[in-house]
K.L.:
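Sharing a structure, written as structure tokens. Questions coming.
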Amino acid sequence: RYPGSPGTLLVIARARDGGIWISAAERLLKMENGRLAILSKAPEWPSARDVVERLFEDSRGVLWVATRRNGLFQFAEGQVRATPTQQQILSWVAEDSEHGIWVASKGGGIARLQRQRFVMIRPGSDQDDVASTAICEDRIGAMWCANRDGGVFRYFGGAVQRVHLPVSEPSFYATCVCPDADGNIWVGSKSGLYRVVVGDPLTLELTAPDLKDIHVLYFSHKGELWIGSE
């Protein structure tokens, strides 16, 4: 018998690091090296308002909590978050080999939760035509986007930054973007070949005005920029 007093209405589960998760009345504890630590308390912890049926820690370290009446919760990075499910009366939760989470309900069958695989990045305003014609990645991992309306956008660290257009180009149609070995970003457009000038703000510099209707750019391993135009 453990000499301490973790509480009542206990539900326990194995922790991936070798400890034990313990859901008690109105709190979540974790036992490591024979010691108990309180990680969440009422009113956030689900057992404060419902009966916890099952605890399960997945391969990413997220602790899933199936409750008797209030559905599914997850505990990660010290926070408790409700996870929407079609059924609220749950009995079991587990993980498959593709990291999908399976939830069994009482009378409502089983459901599989899958993590969101795609995030929609929408540069510009709602009025912009956001059809993108090309993208590329530079040497630091920033993504550059050639856009039909609004020109060129840079996406890095979760933020979208618009490249300022030349004053002489009120309507700028970027068709392609291409990085070179020196970190420059080249932009092909209907009106010519441009280079992105890094600064605050980002701007475009016209480098080949005689080339019109550029369709494709390619930087070779020999250090040459190839341009396909009309």
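Values below: all heavy atoms of this structure, side chains included; hydrogens, waters and symmetry mates excluded.
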K.L.:
Please examine the side chains of I101 and V62, heavy atoms only from C-beta on, and report whether any two atoms are closer than 4.5 Å.
P.N.:
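Not in contact.
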K.L.:
Decide whether L211 and L217 are clustered together by the hydrophobic rule: side chain heavy atoms of Ile, Leu, Val, Met, Phe, Trp, Tyr closer than 4.5 Å, transitively.
P.N.:
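Same hydrophobic cluster.
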K.L.:
Can you find a heavy atom in the side chain of I185 that is under 4.5 Å from one in the side chain of V163?
P.N.:
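Result no, sub-4.5 Å side-chain heavy-atom pair not found.
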K.L.:
Can you tell me how far the CD1 atom of I12 sits from the OG atom of S23, to the nearest 0.5 Å?
P.N.:
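Result: 11.0 Å between the selected atoms.
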K.L.:
Evaluate W64 against T83 for side chain to side chain contact (heavy atoms under 4.5 Å, CB included), listing each step before the verdict.
P.N.:
CA-CA 9 Å; W64 295 89; T83 301; 3.7 Å; yes
K.L.:
Kindly give the heavy-atom pair with the smallest separation between A42 and A48, and that separation in Å.
P.N.:
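Taking A42 first and A48 second, the nearest heavy atoms are CB-CB, 3.5 Å.
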K.L.:
Hey, what do you get for CZ (R69) to CZ (R49), rounding to the nearest 0.5 Å?
P.N.:
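It is 11.0 Å, given to the nearest 0.5 Å.
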K.L.:
Looking at E224, I want to see if its CD is surrounded by more than 12 non-hydrogen atoms of other residues, nucleotides or ligands under 6.0 Å.
P.N.:
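Yes, CD of E224 has more than 12 neighbouring heavy atoms, counting only those of other groups under 6.0 Å.
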K.L.:
Are Y155 and C145 packed together at the side-chain level, in the sense that at least one heavy-atom pair is separated by less than 4.5 angstrom?
P.N.:
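Answer no - side chains too far apart.
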K.L.:
Do you know which two heavy atoms are closest between L193 and L206, and how far apart they sit?
P.N.:
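Looking at all heavy atoms of both residues, the shortest contact is O-CD1, 3.5 Å.
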K.L.:
Just jot down the side-chain contact (heavy atoms from CB on, under 4.5 Å) partners of Q88, sequence neighbours excluded, or say none.
P.N.:
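side-chain contact (heavy atoms from CB on, under 4.5 Å) check on Q88 returns T85.
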K.L.:
Using atom types as modelled and distance alone, determine if a side-chain donor or acceptor of R27 lies under 3.5 Å from a backbone N or O of I22.
P.N.:
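Checking the backbone N and O of I22 against the side chain of R27, no donor-acceptor pair under 3.5 Å is found.
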K.L.:
Which ILVMFWY residues are connected to V51, directly or by a chain of links, through side-chain heavy atoms under 4.5 Å apart?
P.N.:
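Hydrophobic cluster check, V51: no partners found.
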K.L.:
Shortest non-hydrogen contact from C178 to L225?
P.N.:
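Here C178 and L225 meet closest at SG-CD1, 4.2 Å.
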K.L.:
Look at atom CZ of R35 and say whether more than 12 heavy atoms of other residues, nucleotides or ligands are closer to it than 6.0 Å.
P.N.:
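Atom CZ in R35 is not crowded, with 12 or fewer foreign heavy atoms closer than 6.0 Å.
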K.L.:
Can you hop from Y173 to F153 via hydrophobic side chains spaced under 4.5 Å?
P.N.:
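As far as the 4.5 Å side-chain criterion goes, F153 and Y173 are not connected within one cluster.
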K.L.:
For I38, look at atom CD1 and say whether over 12 heavy atoms of other residues, nucleotides or ligands are found less than 6.0 Å away.
P.N.:
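Enclosed.
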K.L.:
Please tell me if the side chains of L63 and L28 come closer than 4.5 Å, counting only heavy atoms from C-beta onward.
P.N.:
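They are in contact (side-chain heavy atoms under 4.5 Å apart), so the answer is yes.
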K.L.:
If you compare all heavy atoms of V177 against all heavy atoms of A146, which two are closest, and at what distance to 0.1 Å?
P.N.:
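The answer is CG1-CB, 3.9 Å.
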K.L.:
Could you tell me which non-hydrogen atom of A174 sits nearest to which non-hydrogen atom of T133, and how far apart they are?
P.N.:
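So the minimum-distance heavy-atom pair works out to O-OG1, 3.0 Å.
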K.L.:
Measure the spacing between OG of S105 and CD1 of I89 and express it to the nearest 0.5 Å.
P.N.:
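Nearest 0.5 Å value for the OG-CD1 distance: 8.5 Å.
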K.L.:
Between E26 and K41, is there a side-chain heavy-atom distance shorter than 4.5 Å?
P.N.:
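No, too far: nothing below the 4.5 Å cut-off.
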K.L.:
Check for a donor-acceptor pair, side chain of E53 on one end and backbone N or O of L90 on the other, with a separation under 3.5 Å.
P.N.:
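Flag not set: sc E53 to bb L90 has no pair under 3.5 Å.
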K.L.:
State the CZ-CG distance between R139 and N184, to the nearest 0.5 angstrom.
P.N.:
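One gets 8.0 Å once the value is rounded to the nearest 0.5 Å.
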K.L.:
Could you state whether L55 and F75 fall into the same hydrophobic cluster, counting links through intermediate Ile, Leu, Val, Met, Phe, Trp or Tyr residues with side-chain heavy atoms under 4.5 angstrom apart?
P.N.:
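The answer is yes; both residues are in one hydrophobic cluster.
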K.L.:
Can you check whether Y194 reaches V152 side chain to side chain, under 4.5 Å on heavy atoms?
P.N.:
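A side-chain contact is absent here, since even the closest heavy-atom pair is not under 4.5 Å.
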K.L.:
Run the numbers on L72 and V65 for side chain to side chain contact (heavy atoms under 4.5 Å, CB included), then give the verdict.
P.N.:
CA-CA 6 Å; L72 186 66; V65 186; 5.8 Å; no
K.L.:
Indicate yes or no for a side-chain donor-acceptor contact from Q86 to the backbone of A111 under 3.5 Å, with no hydrogens or angles considered.
P.N.:
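Not confirmed, Q86 side chain does not pair with A111 backbone.
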K.L.:
Tell me, yes or no, whether the heavy-atom count around L39 atom CG, taken from other residues, nucleotides or ligands under 6.0 Å, exceeds 12.
P.N.:
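Enclosed: over 12 neighbouring heavy atoms sit under 6.0 Å from CG of L39.
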K.L.:
Nearest heavy-atom pair of D138 and W144: which atoms, and what distance?
P.N.:
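Minimum heavy-atom contact is OD2-NE1, 2.9 Å.
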K.L.:
Taking the side chain as every heavy atom from C-beta outward, state whether D17 and K30 have any pair of such atoms under 4.5 Å apart.
P.N.:
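When only atoms from C-beta onward are counted, K30 and D17 do touch, with a gap below 4.5 Å.
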K.L.:
For the backbone of S191 and the side chain of K212, can you confirm whether one donor and one acceptor N or O come within less than 3.5 Å of each other?
P.N.:
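Yes, because the side chain of K212 sits within donor-acceptor range (under 3.5 Å) of the backbone of S191.
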K.L.:
Does the side chain of T207 pick up a donor-acceptor pair with the side chain of W186 at under 3.5 Å?
P.N.:
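There is no such pair between these side chains.
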K.L.:
Under a 4.5 Å cut-off applied to non-hydrogen side-chain atoms, are F73 and V52 in contact?
P.N.:
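A side-chain contact is absent here, since even the closest heavy-atom pair is not under 4.5 Å.
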K.L.:
How long is the span from the CG atom in D58 to the CZ atom in R16, to the nearest 0.5 Å?
P.N.:
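That separation rounds to 7.5 Å.
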K.L.:
For the backbone of N70 and the side chain of D50, can you confirm whether one donor and one acceptor N or O come within less than 3.5 Å of each other?
P.N.:
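Yes; at least one donor-acceptor contact below 3.5 Å.
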K.L.:
Working to the nearest 0.5 angstrom, can you tell me the gap between I20 CD1 and E32 CD?
P.N.:
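Rounded to the nearest 0.5 Å, the CD1-CD separation comes out at 10.5 Å.
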K.L.:
Is any side-chain N of the basic residue among R112 and E98 closer than 4.0 Å to the acidic one's carboxylate O?
P.N.:
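Between E98 and R112 there is a salt bridge, with a charged N closer than 4.0 Å to a carboxylate O.
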K.L.:
More than 12 foreign heavy atoms under 6.0 Å from CG of L10: is that the case here?
P.N.:
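Atom CG in L10 is crowded, with more than 12 foreign heavy atoms closer than 6.0 Å.
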K.L.:
Going hydrophobic residue to hydrophobic residue with side-chain gaps under 4.5 angstrom, can you get from L202 over to V187?
P.N.:
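Yes, it is one cluster - the side chains of L202 and V187 are joined through contacts under 4.5 Å.
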K.L.:
Check whether any side-chain N or O of T175 sits under 3.5 Å from a backbone N or O of D213 as a donor-acceptor pair, and report yes or no.
P.N.:
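No; zero donor-acceptor contacts below 3.5 Å.
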